[in-house]
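A quick write-up on the structure given underneath.
Starting from 1, each residue takes its place in the sequence as its number.
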Amino acid sequence: MDLVAGRVVHGCSPSWKCIKSPRTPLLLGSWAAAGGAFPGCSCPLAVCRNAPSVVPFAKKKRKGHNQATPDGEEDDDVADELEGEDKDVDDNEEEEEEDVSGDDIVDDDDYDDNDDYDFGDDFESDDEQDLYAGDGGAGGGVSLAGTWWGKEALALAEQVSESFDGDLKIYAFKATANLEIRVRIEKMSTRYGSPTIDDIEAYTIALRAKLDEAESAGKIPKNISLEVSSPGLERVIRVPDELERFKERAMYVRYVATSEDVATPQEADGVFRLISYDVDLCECTWGIADVKINRQQTGKGRPLSKKQREWRLQTPFKLLKLVRVYSEC
């Protein structure tokens with residue numbers, strides 16, 4: 001979900017910080033002061049309050065049992081019964097531990113030969129079906145939707161970006177027919193381009209002032225709403241320009257798979273790590289990323305198999321439909 005001044009927008013990454021400015025003063029909550037939750041990302045920490053406390057090994061109170069007993073005999077009977085139950089539980093736990101220790105230890109080579117599955121399983125969510133690079137939203141780029149005032153608004157946004165000495169760049173700009181402007185900015189001085197909430201607030205205030213002047217001059221319609229946010233934790237990566245910048249991160253990749261055995265090319269996807277790329281040859285090589293969703297294919301609690309570690313995929317840039325940062329959050 002986006003963090004928004006005064007509200008929460010459903011369906012977006014929790015790391016996206018967003019300020020919506022429809023002409024009203026900004027109302028920033030205490031979450032704005034929170035620190036980053038991930039390296040290289042200024043996302044606010046999620047704090048769980050009023051969590052129930054759990055007491056380990058606490059005995060469950062028997063139904064119908066009354067703590068106040070008329071004499072000591074009943075207390076002794078109940079104590080003996082509880083001790084017997086504890087003994088049975090301990091015996092069962094010991095048997096389970098023996099079973100696990102005896103059967104669950106498998107060498108890496110024992111299950112490498114059984115890994116005849118498709119590495120390009122369906123990792124894509126329904127929200128990504130229409131996501132593509134350059135869509136003006138989560139995919140970056142510019143979209144003016146045929147508005148007569150969109151170019152003027154974009155020029156104002158670029159002027160504001162230059163006023164921050166080029167440190168706050170426009171990642172995405174979208175103007176809509178229902179008088180909305182949505183801007184996603186990235187901070188070039190950080191490794192992965194994540195701006196702080198102060199950066200977003202400062203950019204929002206500066207752009208709102210320029211939009212007000214343009215409205216008064218009749219260059220753009222009145223009552224335009226403005227929303228400024230970060231690119232998001234799972235931002236789309238522009239190929240090949242940003243491959244070097246995000247090469248250390250796991251990436252979700254949707255691509256066109258070609259094969260001599262298949263006449264019609266088909267789309268496939270997976271969570272990969274970038275092995276190498278060649279700008280002159282316009283191609284890149286991928287390997288399986290060491291993330292939970294890939295490890296689960298070999299069995300619960302097991303690492304990547306030898307076959308997974310050695311698997312490679314070579315794709316031309318033109319066959320990459322979507323590349324974005326993958327997060328296990």
Legend entry - Sidechain-backbone polar pair: Glu283 side chain, Phe317 backbone, donor-acceptor under 3.5 Å: no
Inset, instruction - To the nearest 0.5 angstrom, please state how far the CD1 atom of Ile288 sits from the NZ atom of Lys307. - result: 11.0 Å
Legend entry - Test item: Ser161 side-chain N/O and Ala157 main-chain N/O as donor-acceptor pair under 3.5 Å: no
Inset, instruction - Say whether Asp198 and Thr196, considering side chains only, have a donor N or O and an acceptor N or O under 3.5 Å apart. - result: no
Inset, instruction - Can you measure from CD (Glu213) to CD1 (Ile220) and round to the nearest 0.5 angstrom? - result: 10.5 Å
Inset, instruction - May I ask you to decide whether Glu234 forms a salt bridge with Arg324, counting only side-chain N to carboxylate O separations under 4.0 Å? - result: yes
Inset, instruction - Using a strict cut-off of less than 4.0 Å between a Lys/Arg side-chain nitrogen and an Asp/Glu carboxylate oxygen, indicate whether Arg273 and Asp290 qualify as a salt bridge. - result: no
Legend entry - Sidechain N-carboxylate O distance under 4.0 Å for Arg238, Glu244: no
Legend entry - Ring-ring centroid check Trp286 Tyr277, cutoff 6.0 Å: no
Inset, instruction - Mark yes or no for whether Tyr326, through its side chain, and Val291, through its backbone, hold a donor-acceptor pair below 3.5 Å. - result: no
Legend entry - Non-hydrogen atoms of Pro195 and Ile185 that approach each other most closely: CG-O, 3.6 Å
Legend entry - Glu158 bridged to Lys169 by N-O distance under 4.0 Å: no
Inset, instruction - Before accepting this row, confirm whether a basic side-chain N of the pair Lys174/Glu180 lies closer than 4.0 Å to the acidic partner's carboxylate O. - result: no
Legend entry - Leu319-Met251 co-clustered via ILVMFWY side chain contacts under 4.5 Å: no
Inset, instruction - Using a strict 4.0 Å threshold on nitrogen-to-oxygen distance, state whether Glu186 and Arg245 make a salt bridge. - result: yes
Inset, instruction - State, without any angle test, whether Asp269 and Tyr252 hold a side-chain donor-acceptor pair at a distance under 3.5 Å. - result: yes
Inset, instruction - Would you mind reporting whether Tyr203 and Val183 have side-chain heavy atoms less than 4.5 Å apart? - result: yes
Inset, instruction - Taking atom CG of Asp165 as the centre, report whether more than 12 heavy atoms of other residues, nucleotides or ligands fall under 6.0 Å from it. - result: no
